Peer 1: 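I'd like to ask some things about the structure below.
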Amino acid sequence: MIVMKFGGTSVESAQAIQRVVGIIASRTDRKPVVVVSAMGHTTDHLLDIVAAASQAKRGEALEKLAALRRSHLSEASQLASEADRAQLDTFLEEHYSELAELIKGLAALGECTRRTIDAVSSFGERISSFVLVLALRAKGLKAAHVDSRQVIVTNDRFGEAAPLLDLTQARLNATIPPLIQEGNIVVMGGFIASTETGVTTTLGRGGSDFTASLVGAALGVQEVQIWTDVDGVLTADPTMLPDAHRLRVLSFGEAAELAYFGAKVLHPSTMLPAVKSNIPVRVLNSRRPEGEGTLIVSETPPSAAVVKSIAYKEDITVVNIQSTRMLMAHGFLAKIFDVFERHATSVDMVTTSEVSVSLTVDRTERLADIVKELEGFAQVSYTPRQAIVCVVGEKIRYTPGVAATVFEALNDINVRMVSVGASRLNISLVIDENDLRAAVEALHQAFFSQVDETVFA
Ligand code: ADP
Ligand code: ASP
Ligand code: MG
């Protein structure tokens, strides 16, 4: 058995979905469980609609909803067979009526909760997964739809819910293997889930990758395939560096670090279930399915490559906290972290000196309150629009000179913070956002101008 996950661009149009049907059709012998994202930018559109409605822009919200419906109907109607056409129409009618009711309710209230945002954004994957089932059936394939909200169980942290692993595993194992045994290709939406009491939740933006690895680990599949719009995991984000190289193979640890530090190709939690169950993950391009992609495994073959890839995170805020006493008092760090903890704001990087602490956050909704509390016992300042840039590779931990190469490459750039991760798989730096492109280019030049062909393609 394998899990095949297709991202938004892989199912953005009827043509893209036809390509996906072809990819699945040629792998039916591997008993695929298919996890699918919302079509194209559907989730962004749904969130825009929610925003308009909660600002009481009822007309605008309903117009945008109507446009989304037209586009889904126009793509989906090219895919369903004549026999299934009535079923498609009923499905879209029911789902869009329910959405319109939700949106009207929001506009009347003029406010919205994270729970409502999840309820609305879940429609993207509910629709795409159903459409893919009809598209598979139209090609004569036997496909079964599973509503992910019946099998992926989470806590009620709306917007970034955490799965309850035992329950999820039990439900997946009770539901999916029998459908596979009956010869079905199982199709389910990524990203969406529900609480134990059945309230819809989501796993966070980009969360379909996480759904795929959760399903793969629960069912003990041979491989989790992440089909996307690039050839695999690359040495840098190709939107920033078009000539980045593809990695043939990467370790779980390296992939997790890259995802955590912003490489959008994998959701940050994707690797957790894969590591726990030791299931290989392969990143592949749905537009070039013949490519070999990037294989992510627990141990990579020996190679000379020390740095494997460069990741970055933009829109970071650095908070500087200075003790109001001369020497850092005992318990100072604990007090600081307690404040962040109580405001549910996670800290990415920390550096300390005797009298001051610098740390980075990427969420600033609670920052004003955090600063106010910190000012009770320290002097605080903060700098927005910073970036974290991070070089990743297993061998960084036992190779001298990597830091020197990093600093040499960034000779002209002001580095505000440096951290060598506890895992020692990465060296991370905080720089001004305006220097980001130059920094990534310089680091790429320093580490990847000559590459080992056993590792990079
Ligand atoms: P999907 O919709 O398939 O989930 P995403 O847009 O979430 O696709 O992720 C794929 C994108 O991730 C690529 O188009 C690329 O722009 C971006 N990306 C960032 N860093 C990397 C990297 N190191 N390797 C590959 N892609 C990356
Ligand atoms: N559709 C969701 C999003 O756009 C989840 C995903 O694509 O992985 O964030
Ligand atoms: Mg994604």
Side-chain angles (χ1 to χ4, degrees), residues 4-12 16 19-20 23 35-48 117-118 120-129 148 152 159-161 188-193 201-214 225-248 250 254-270 281-288 291 293-294 296 307-314 389-393 426 436 440 443-444 447-448 456-457:
M4 304 175 80
K5 176 261 171 177
F6 294 91
T9 40
S10 301
V11 292
E12 67 188 355
R19 214 160 32 222
V20 163
I23 294 171
V35 173
V36 66
S37 288
M39 293 167 65
H41 294 289
T42 299
T43 311
D44 292 330
H45 293 311
L46 289 169
L47 294 174
D48 276 354
I117 297 177
D118 278 2
V120 172
S121 56
S122 73
F123 280 81
E125 273 73 5
R126 287 157 70 182
I127 293 170
S128 64
S129 52
S148 297
I152 311 283
E160 49 186 351
M188 48 195 289
F191 179 58
I192 60 176
T201 57
T202 68
L203 305 177
R205 294 306 308 268
S208 298
D209 302 328
F210 190 22
T211 307
S213 65
L214 280 170
Q225 300 182 342
I226 305 289
W227 290 85
T228 182
D229 60 354
V230 283
D231 283 343
V233 179
L234 310 179
T235 48
D237 180 352
T239 56
M240 187 170 273
L241 265 187
D243 53 357
H245 312 280
R246 171 173 62 89
L247 283 144
R248 295 181 198 277
L250 202 60
E254 289 167 332
E257 212 86 343
L258 282 173
Y260 180 75
F261 282 102
K264 193 184 156 212
V265 63
L266 293 170
H267 178 276
S269 303
T270 314
V281 175
R282 197 185 286 273
V283 180
L284 293 147
N285 190 345
S286 69
R287 291 174 186 161
R288 296 200 322 114
T294 298
I296 308 171
V307 171
K308 301 283 182 62
S309 186
I310 303 165
Y312 67 86
K313 250 185 178 179
E314 287 173 286
V389 56
C390 169
V391 300
V392 172
N426 75 76
L436 182 61
V440 173
L443 289 168
H444 202 268
F447 288 106
F448 303 115
F456 304 96

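Read the numbers this way: they start at 1 and go in the same order the structure lists the ligands and their atoms. This is a predicted model, so every value here is computed, not measured.
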Peer 1: Would the distance check show the side chain of Ser213 and the main-chain N or O of Thr270 forming a donor-acceptor pair, the cut-off being under 3.5 Å?
Peer 2: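 Checked: pair present.
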Peer 1: Could an N or O of ligand 2 be found under 3.5 Å from any N or O of Gly204, whether backbone or side chain?
Peer 2: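 No, Gly204 has no N/O under 3.5 Å of an N/O on ligand 2.
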Peer 1: Distance to 0.1 Å, residue and atom name: give those for the protein heavy atom nearest to atom 4 (O) of ligand 2.
Peer 2: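 I find the closest protein heavy atom is Arg205 NH2, 2.9 Å.
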Peer 1: With nothing but distance in play, are any N or O atoms of Asp209 less than 3.5 Å from an N or O of ligand 2?
Peer 2: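 In fact, backbone or side chain, Asp209 has no N or O that close.
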Peer 1: Is there a heavy atom of Gly207 sitting under 4.0 angstrom from any atom of ligand 2?
Peer 2: yes
Peer 1: Can you tell me which portion of Glu125 lies within the under-4.0 Å heavy-atom range of ligand 2? Options are side chain, backbone, both, or neither.
Peer 2: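 For Glu125, the contact with ligand 2 is made by the side chain alone.
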Peer 1: Report, in ascending order of atom number, the atoms of ligand 2 lying under 4.0 Å from any heavy atom of Ser208.
Peer 2: 5 (C), 6 (C), 7 (O), 8 (O)
Peer 1: Is Arg205 salt-bridged to Asp44, going by a charged N under 4.0 Å from an acidic O?
Peer 2: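 A salt bridge links Arg205 with Asp44.
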Peer 1: List the steps and the verdict of side-chain hydrogen bond (donor to acceptor under 3.5 Å, both in side chains) for Thr202 and Asp118.
Peer 2: CA-CA 6 Å; Thr202 68; Asp118 278 2; 2.9 Å; yes
Peer 1: Look only at the side chain of Thr42 and the backbone of Ala38, and say whether a donor-acceptor pair between them is shorter than 3.5 Å.
Peer 2: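 Here the side-chain-to-backbone pair does not exist.
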Peer 1: Looking at Lys264 and Asp237, is any side-chain nitrogen of the basic one under 4.0 Å from a carboxylate oxygen of the acidic one?
Peer 2: no
Peer 1: Keeping Thr294 on the side-chain end and Arg248 on the backbone end, is there a donor-acceptor pair under 3.5 Å?
Peer 2: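 No, the answer is negative, given that no donor and acceptor are paired below the 3.5 Å cut-off.
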Peer 1: Is there a ring-ring contact (aromatic ring centres under 6.0 Å, His included) between Tyr312 and Phe261 once you walk through the steps?
Peer 2: CA-CA 6 Å; Tyr312 67 86; Phe261 282 102; over 10 Å; no
Peer 1: What do you reckon, does Thr43 have a nitrogen or oxygen under 3.5 Å from a nitrogen or oxygen of ligand 2?
Peer 2: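 Such a contact does occur with ligand 2.
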Peer 1: Please identify which of these residues, Val233, Leu266, Val265, meets the side chain to side chain contact (heavy atoms under 4.5 Å, CB included) condition with Ile226.
Peer 2: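 Testing each of Val233, Leu266, Val265 against Ile226, the sole residue satisfying side chain to side chain contact (heavy atoms under 4.5 Å, CB included) is Leu266.
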Peer 1: Can you list the atoms of ligand 2 that are under 4.0 Å from a heavy atom of Ser37?
Peer 2: 6 (C), 7 (O), 8 (O)
Peer 1: Where does ligand 1 get N/O contacts under 3.5 Å from the protein, atom by atom?
Peer 2:
from: ligand 1; atom 1: 2 (O); to: Gly8; atom 2: N; distance (Å): 3.1
from: ligand 1; atom 1: 3 (O); to: Thr228; atom 2: OG1; distance (Å): 2.7
from: ligand 1; atom 1: 4 (O); to: Lys5; atom 2: NZ; distance (Å): 3.0
from: ligand 1; atom 1: 6 (O); to: Lys264; atom 2: NZ; distance (Å): 3.0
from: ligand 1; atom 1: 8 (O); to: Thr228; atom 2: OG1; distance (Å): 3.2
from: ligand 1; atom 1: 12 (O); to: Val265; atom 2: N; distance (Å): 3.3
from: ligand 1; atom 1: 14 (O); to: Asp229; atom 2: OD1; distance (Å): 2.8
from: ligand 1; atom 1: 14 (O); to: Asp229; atom 2: OD2; distance (Å): 3.4
from: ligand 1; atom 1: 16 (O); to: Asp237; atom 2: OD1; distance (Å): 3.3
from: ligand 1; atom 1: 23 (N); to: Leu234; atom 2: O; distance (Å): 3.1
from: ligand 1; atom 1: 24 (N); to: Leu234; atom 2: N; distance (Å): 2.9

Peer 1: Any side-chain donor-acceptor pair under 3.5 Å between His444 and Thr235?
Peer 2: yes
Peer 1: Examine ligand 2 and decide if any of its atoms is less than 4.0 Å from a heavy atom belonging to Gly206.
Peer 2: yes
Peer 1: Check for a donor-acceptor pair, side chain of Arg246 on one end and backbone N or O of Gly293 on the other, with a separation under 3.5 Å.
Peer 2: yes
